[in-house]
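As a basis for the values below, the full set of heavy atoms in this structure was taken, side chains included, without hydrogen atoms, waters or symmetry mates. Just so you know, these numbers come straight off a predicted model, no measurement behind them.
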Amino acid sequence: MATFADQKNRIRRSMLNLLSLVCFSIMLCAVHSVESSSGFKVPKPTKTQAKWLDYEVGAIVHFNMQTFDRYMKPGSVASVDTFDPQELSTDQWVEAAKSFGAKYIIFTIDHFSGFLMWPSETDYKYSVKYTKWRDGKGNILSDFMKSSKKHGLEYGFFYSVHNNWYMGVDNYSTWEPSTQERYKEVVEEQMRELFNANSSYKDPFYIWFDAGIVPGVSPDVGPIIRELASNALCDECPTFAGDQGLRWVGNENALAPLPHWYAVPKGKCSMKTDNGERKYYVMTYKTVKEESNSRKPWGKLFCPANCDTVIRQHYWFWEPYTEHSVKSVRRLVREYLTSVGHGCTLLLNLNPDTRGLVPEKDHSAYEELGKAIALLYKDPVTKSFNPKLWARKEKIWRFTGFKSFNGSVVLMEDIEKSGQLVMEYELKFKTEDGWVSTDQAGSTIGHKRIHPFPKALAEKKVSAISLKINKLVTKQKSITLREVSVYNWNEAAKQDLI
């Protein structure tokens with residue numbers, strides 16, 4: 001029978017063992033915490049990616065055989081001589097893009113129809129080379145590049161791999177082994193033709209493979225692009241984008257969900273799901289929230305999203321009798337605020353008609369949008385460059401008060417230097433009645449976050465803003481932002497542009 005002393009010793013030993021176990025667990029947690037925080041390296045953009053984010057606004061031109069015949073389908077396409085844009089002017093396209101502030105422009109050199117906008121030397125008979133238009137000597141891709149350079153815009157190419165109706169390809173497949181192999185050869189030959197060192201088309205700023213590339217299913221363009229066009233930004237190139245990748249945001253409404261993170265896991269620089277299916281979203285409040293919650297900041301690869309949309313709702317190619325669908329300037333400004341204003345970029349479509357020209361009503365809308373965007377930055381109230389903020393400590397900017405319901409706060413991170421760091425923040429406005437918070441909780445900032453003044457300000461006099469960074473991706477105690485600015489939007493509101 002155990003004595004009282006034996007029981008006391010057993011209790012003491014048990015307590016010591018328990019204490020040792022607790023201390024060991026705490027040490028493990030501490031080590032794991034240090035490893036987690038120090039082991040994560042915040043991804044940063046390449047100079048090309050950073051330049052693209054700074055461009056903020058771009059254009060994409062949808063002009064191909066679908067402009068002339070919208071009823072085509074796999075294995076049944078319009079004859080080459082259907083293509084006949086007698087007044088075509090790529091200068092006019094680029095001028096339209098510049099009118100709304102585009103800094104780069106992308107062209108659909110091959111779309112679903114499979115019709116090529118350059119006179120390919122490959123063994124392929126569906127291109128401008130085989131038309132009566134300009135006696136088969138036309139080269140729209142070359143004209144497009146010359147116009148882009150002339151007007152100071154970067155240029156890019158949009159190429160559809162997943163569909164080629166001329167060759168009977170639908171969703172990457174011809175459903176027949178011999179024709180599938182022939183299609184694979186054609187695409188790979190055209191990639192080498194476009195991007196080889198002696199090509200006049202080499203070194204584009206941007207390449208977009210619509211719907212992406214599916215390894216083992218698509219033609220094997222990855223190694224070709226890595227070898228011949230490694231400096232180009234590559235959109236929807238999940239496994240071979242390297243550090244020059246971009247991805248589609250997941251909708252065609254110029255809407256970047258919040259929080260909006262740039263980091264992705266390696267090999268996931270795409271909107272493709274794991275099984276190769278493309279994600280599409282009908283963007284409601286619920287789906288925006290779900291998509292936002294699925295994005296995390298701890299990816300290893302910097303891969304920002306483009307936010308594309310159309311000028312005519314919802315037509316990518318020109319169609320007759322759709323002038324009524326040209327978006328209002330107010331709507332386009334809203335889309336600017338949910339794309340650029342959410343840390344994304346705005347990629348706006350141009351759809352030249354059968355003349356080969358941007359329609360007059362569209363052109364007018366582009367010009368009005370350009371004026372409206374300029375007005376958003378016309379009247380700065382205060383600007384602060386490179387301000388240092390301590391985590392969880394409020395910083396206040398005071399300025400001469402102005403009475404306005406219309407205005408904004410612009411926040412920018414120094415993405416190129418530090419990557420994307422801000423996870424949560426609070427933004428408030430000082431009025432004669434006290435401080436008013438923003439309508440939306442502050443989550444990510446990224447390249448740029450635009451906060452329109454909250455409705456609660458009404459006609460109150462605003463004399464200061466406060467910003468508090470509550471949570472960063474890393475354990476650092478401070479952050480230097482790129483910019484914090486306040487703008488007066490009264491003039492834009494008077495012109496009914498916002």
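- With sequence neighbours left out, S200 forms a side-chain hydrogen bond (donor to acceptor under 3.5 Å, both in side chains) with no residue at all.
- By the 4.0 Å N-to-carboxylate-O rule, D362 lies close enough to R312 to be salt-bridged with it.
- We find that K266 and D243 are not joined by a salt bridge, their nearest charged nitrogen and carboxylate oxygen being 4.0 Å or further apart.
- Side-chain contact annotation: Y201 with N139, donor-acceptor N/O pair under 3.5 Å present.
- No donor-acceptor contact under 3.5 angstrom links the side chains of Y124 and E189, judged on distance only.
- Salt bridge status for D84 with K132: absent, with no side-chain N to carboxylate O gap under 4.0 Å.
- Paired with M167 under the rule side chain to side chain contact (heavy atoms under 4.5 Å, CB included), one option of N163, D170, N164 passes, and it is N164.
- Counting only N and O atoms by type, the side chains of D235 and W248 include no donor and acceptor under 3.5 Å apart.
- In this structure, CG in L116 is found 8.5 Å from CG in L194, a value given to the nearest 0.5 Å.
- A salt bridge links E416 with K47; the closest basic N to acidic carboxylate O contact falls under 4.0 Å.
- Note: Y377 and Y336 have perpendicular aromatic rings, judged against thresholds of 30 and 60 degrees for the angle between ring planes.
- Side-chain N/O atoms of Q49 and Y262 include no donor and acceptor closer than 3.5 Å.
- Residues Y159 and D210 have side chains not in contact (no heavy-atom distance under 4.5 Å, counting atoms from C-beta outward).
- In this model, no donor atom of one side chain and acceptor atom of the other lie less than 3.5 Å apart for H447 and E413.
- Checked by atom type, the side-chain pair W118/E193 shows a donor-acceptor distance below 3.5 Å.
- Residues forming a salt bridge (Lys or Arg N to Asp or Glu O under 4.0 Å) with R355 (at least two apart in sequence, or on another chain): D353, E360.
- Q313 and S325 share no donor-acceptor pair across their side chains, judged by distance under 3.5 Å alone.
- Side-chain atoms of N253 and T309 include no donor-acceptor pair closer than 3.5 Å.
- I106 contributes atom CD1, which lies 11.0 Å from atom CG of L153 (distance to the nearest 0.5 angstrom).
- Among residues two or more places apart in sequence or in another chain, the side chain to side chain contact (heavy atoms under 4.5 Å, CB included) test is passed with N198 by N196.
- Residues W316 and E252 have side chains that bring a donor and an acceptor to within less than 3.5 angstrom of each other.
- To the nearest 0.5 Å, the span separating CG on L348 from CG on L369 amounts to 6.5 Å.
- Other residues, nucleotides and ligands place no more than 12 heavy atoms under 6.0 Å from the NZ atom of K300.
- Using a 3.5 Å distance cut-off with no hydrogens or angles, the side chains of N349 and H62 do pair a donor with an acceptor.
- For W93 and F63, the ring centers sit closer than 6.0 Å to each other.
- Electrostatic pairing of R134 and D143 counts as a salt bridge here, judged by a charged N lying under 4.0 Å from a carboxylate O.
- The existence of a salt bridge linking K448 and E56 is confirmed by a sub-4.0 Å separation between a basic side-chain nitrogen and an acidic carboxylate oxygen.
- Side-chain N/O atoms of S178 and Q180 include no donor and acceptor closer than 3.5 Å.
- The structure places CG of L411 at 5.0 Å from OH of Y425, a figure rounded to the nearest 0.5 Å.
- Side chain to side chain, Q440 and T438 fail the donor-acceptor criterion of an N or O pair below 3.5 Å.
- In summary, E367 and K371 do not engage in a salt bridge, as defined by a charged side-chain N under 4.0 Å from a carboxylate O.
- If you check the side chains of S147 and D91, you find a donor sitting under 3.5 Å from an acceptor.
- In this structure, the separation between OH on Y166 and OG on S113 is 11.5 Å, given to the nearest 0.5 Å.
- Comment: R70 engages E319 in a salt bridge, judged by a side-chain N to carboxylate O separation of less than 4.0 angstrom.
- Ion pairing between R182 and E185 holds under the 4.0 Å rule for side-chain N and carboxylate O.
- Atom CZ in F115 sits 12.5 Å away from atom CD1 in I109 (nearest 0.5 Å).
- Sulfur-to-sulfur, C303 and C269 sit under 2.5 Å apart at their SG atoms.
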